Amino acid sequence: MIDVAVIEDPAAAGVSLDPVRARLLAVLAEPGSATTLAARVGLSRQKVNYHLRALERHGLVELVEERRKGNVTERIVQATAASYVISPAALSAVEPDPGRAPDQLSARWLLALAARLVREVGELIKRSTRARQRLATFALDGEIRFASAADRAAFAEELGACVNGLVAKYHDEEAPGGRPHRLIVALHPSLTRPADEPAPGPVADGAAPPAPPEE
């Protein structure tokens, strides 16, 4: 089992989004049979087996072993990954295009960049696995608390200048055997409350203003 798999096939995406099948995938982080799963998800063995066959047809579940019990063969299966991401390629006709309207201050353009990242890295993982080669990537993830919107703007400006300087330093258009790499730098507010929690109410006179709403 791998940590994360990217689903590109529309049919596989549809199968994975079914609530019962999504729950089975979660339970199948550990190997199980239709009989053991039926007791865990509260369905009949026949219904569980039906869903497992659909998941297996689309490569989301794989056979681990077969156990003979009297006249019955018990199939032990497991999810092919601990978690899944659906690639925008599954909706190729309407997937976002970051090149359509580049805007560094647009949250929707940031989302389009993230979608392209999922699609491209998913494809690279597939190719590197097929070639049995390691995929060279690098990522940073952190959190910063700004005292003010002015500080946030200053940070973004300084970060942009720093990254542009590094790009200018290391980019070599004419290097023989050189390989282009995609670089994405993103900054967005952190989620600080559950999606179903109401936003803060109006501020009383003299009180500090609330934080800006999260998108």
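Quick note: residue numbers are just sequence positions, from 1. Source: prediction; values computed, not measured.
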- In this structure, are over 12 heavy atoms from other groups packed under 6.0 Å from Y50 atom OH? no
- Task: Treat each ILVMFWY residue as a node, draw an edge where side-chain heavy atoms are under 4.5 Å apart, and state whether V6 and L55 are in one component.
- Result: no
- Message: So does G59 get a backbone contact from the side chain of T80, meaning a donor-acceptor N/O pair under 3.5 Å?
- Response: yes
- Can a salt bridge be assigned to the pair R119 and E123 using a cut-off of 4.0 Å between side-chain N and carboxylate O? no
- In terms of heavy-atom contacts, does CG of D3 have more than 12 from other residues, nucleotides or ligands at under 6.0 Å? no
- Query: Looking at OH of Y170 and CG of L183, how far apart are the two atoms once the value is rounded to the nearest 0.5 Å?
  - Reply: 13.5 Å
- Task: Output the distance between atom CD (E65) and atom CD (Q78), rounded to the nearest 0.5 Å.
- Result: 10.5 Å
- Please round to the nearest 0.5 Å and tell me the distance separating atom CZ of R21 and atom CG of L28. 13.0 Å
- Query: Considering all heavy atoms of both residues, which atom of A12 and which atom of H58 are nearest to each other, and what is their separation?
  - Reply: N-CD2, 3.7 Å
- Item | Exam field: side chain E74 to backbone E66, donor-acceptor pair closer than 3.5 Å | no
- Message: Distance check, rounded to the nearest 0.5 Å: R23 atom CZ versus L43 atom CG?
- Response: 7.5 Å
- Euclidean distance, L135 CG relative to K126 NZ, rounded to 0.5 Å: 13.5 Å
- Note: L187 and F155 closest approach over all heavy atoms is CD2-CD2, 4.2 Å
- May I ask you to say whether E56 pairs ionically with R75, meaning some side-chain N is under 4.0 Å from a carboxylate O? yes
- Query: Cluster question for you: counting only ILVMFWY and a side-chain heavy-atom cut-off of under 4.5 Å, with indirect links fine, are L63 and L25 together?
  - Reply: yes
- Task: Test L17 against I86 for side chain to side chain contact (heavy atoms under 4.5 Å, CB included), laying out the working first.
- Result: CA-CA 10 Å; L17 291 173; I86 296 178; 3.7 Å; yes
- Task: Determine, step by step, whether L37 and L24 satisfy the side chain to side chain contact (heavy atoms under 4.5 Å, CB included) criterion, reporting the C-alpha distance in whole Å, the side-chain angles of both residues, the deciding distance to 0.1 Å, and the verdict.
- Result: CA-CA 8 Å; L37 290 167; L24 288 172; 4.3 Å; yes
- Counting only heavy atoms not in R145, do more than 12 sit closer than 6.0 Å to its CZ atom? no
- Of all the heavy-atom pairs spanning E95 and P88, show the shortest one and how long it is. CB-O, 3.5 Å
- pair L159-V185: side-chain heavy atoms closer than 4.5 Å: yes
- Query: Transitively linked via ILVMFWY side-chain contacts under 4.5 Å: V61 with V20?
  - Reply: yes
- Query: Between the side chain of W109 and the main-chain N/O of P98, is any donor-acceptor distance below 3.5 Å?
  - Reply: yes
- If you group Ile, Leu, Val, Met, Phe, Trp and Tyr by side-chain heavy-atom gaps below 4.5 Å, do L111 and V121 land in one group? no
- What's the shortest heavy-atom distance between E143 and S190, and which atoms? OE2-OG, 2.6 Å
- Task: Kindly give the heavy-atom pair with the smallest separation between A112 and D97, and that separation in Å.
- Result: CB-C, 4.5 Å
- Please answer whether the main-chain N or O of A90 pairs with a side-chain N or O of S87 as donor and acceptor at a distance below 3.5 Å. no
- Query: Which distance, rounded to the nearest 0.5 Å, do you find between the OG of S16 and the CG of L60?
  - Reply: 6.0 Å
- Query: Is atom CD of E158 surrounded by more than 12 heavy atoms (other residues, nucleotides or ligands) closer than 6.0 Å?
  - Reply: no
- Message: Looking at N164 and G160, would you say the former's side chain and the latter's main chain have a donor-acceptor pair under 3.5 Å?
- Response: yes
- Do L117 and V163 share a hydrophobic cluster (ILVMFWY, side-chain heavy atoms under 4.5 Å, transitive)? no
- Over all atoms of both residues, closest heavy-atom pair of P31 and I76: CB-CG2, 3.7 Å
